[in-house]
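This is a predicted model, so every value here is computed, not measured. We're numbering straight along the sequence, starting at 1.
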Amino acid sequence: FTGVSLVVKDVTHWQLREQQLRDESERDPLTGLVNRRGLDRLLNDRLSRQPPDMALLYLDLDRFKPVNDRYGHSTGDTLLQTVAACMAHSTRDTDVVARVGGDEFCILLHARHPEAVAVTVAEKLLREFESPVQLGENTFRLGASIGIVVPDTDDSAGTLIDRADQAMYQAKSAGRNTFHVWAPHSQEHEQA
């Protein structure tokens, strides 16, 4: 008779820890939002689907730098957390709000008519930013410059983010607190 030895090891703990580490590496510690690394992964996943049915908003806060300069980074961090919560509240559960650095955010929208939905969300966010933010005894009036891009069929995550960033700078140069749409299939851009 030949004996058989069987070793069973429960790896659930290690799998859960691995997932936790992956989640932490894709989250912004200040706001709890997805970070640039997480956004890249989500964009690549979404772009692999045909059609991708999505739009990307790239948002830069207007008049944020003076907050850090005058009131300090602690106040600036609190303001960023407040803005992040506002953006998360102003989007749907199927959308992803990400902090990609400093006072820059991206919103990945899933929609059948992505440009129309993106414009609606941008307009809603701009209205939200018209309201002053009260932190303690201080009142802050921010705005936002928003770039919108709808992917072309062969766009990569990096290309999409670059185009949205360029559209955001177009909005900023147009006077801030507005948005600019990067139109696919042409060199022309639509100004909102």
Problem set entry | Counterpart residues, side chain to side chain contact (heavy atoms under 4.5 Å, CB included), relative to Arg63 (two or more places apart) | none
Problem set entry | Residues forming a ring pair (Phe, Tyr, Trp, His ring centres under 6.0 Å) with Tyr71, sequence neighbours excluded | Phe140
Problem set entry | Heavy-atom donor-acceptor pair, Gln170 side chain to Gly147 backbone, under 3.5 Å | no
Exercise. Partners of Asp103 by side chain to side chain contact (heavy atoms under 4.5 Å, CB included), sequence neighbours excluded?
Worked result: Asp60, Leu61, Phe64, Leu80
Problem set entry | Thr31 side chain near Met87 side chain, heavy-atom distance below 4.5 Å | no
Exercise. Is the closest side-chain heavy-atom distance between Phe179 and Glu123 below 4.5 Å?
Worked result: yes
Problem set entry | Residue pair Glu128 / His89, side-chain heavy-atom distance below 4.5 Å | no
Exercise. Under 6.0 Å from the CZ atom of Arg92, do we count more than 12 heavy atoms belonging to anything else shown?
Worked result: yes
Problem set entry | Pair Ile161-Val100, side-chain contact (heavy atoms from CB on, under 4.5 Å): steps then yes or no | CA-CA 10 Å; Ile161 290 172; Val100 294; 5.9 Å; no
Problem set entry | Side-chain donor or acceptor of Asn177 paired with backbone N/O of Ala144 under 3.5 Å | yes
Exercise. Distance only, no hydrogens: is a donor on one side chain within 3.5 Å (strictly under) of an acceptor on the other, for Thr139 and Gln134?
Worked result: yes
For this session: Mark yes or no for whether Arg176, through its side chain, and Ser145, through its backbone, hold a donor-acceptor pair below 3.5 Å.
Result: no
Problem set entry | Within-4.5 Å side-chain heavy-atom neighbours: Arg141 and Pro132 | yes
Exercise. Should the pair Asp40-Arg36 be classified as a salt bridge under the 4.0 Å nitrogen-to-oxygen rule?
Worked result: yes
Exercise. Would you say the side chain of Phe129 lies within less than 4.5 Å of the side chain of Val83, judging by non-hydrogen atoms?
Worked result: yes
For this session: Begin from the C-alpha positions of Glu130 and Leu126 and carry the test side-chain contact (heavy atoms from CB on, under 4.5 Å) through to its verdict.
Result: CA-CA 6 Å; Glu130 288 176 357; Leu126 291 174; 5.7 Å; no
Exercise. Can you check side-chain contact (heavy atoms from CB on, under 4.5 Å) on Met54 and Leu43, steps first, answer last?
Worked result: CA-CA 9 Å; Met54 59 168 280; Leu43 281 173; 3.4 Å; yes
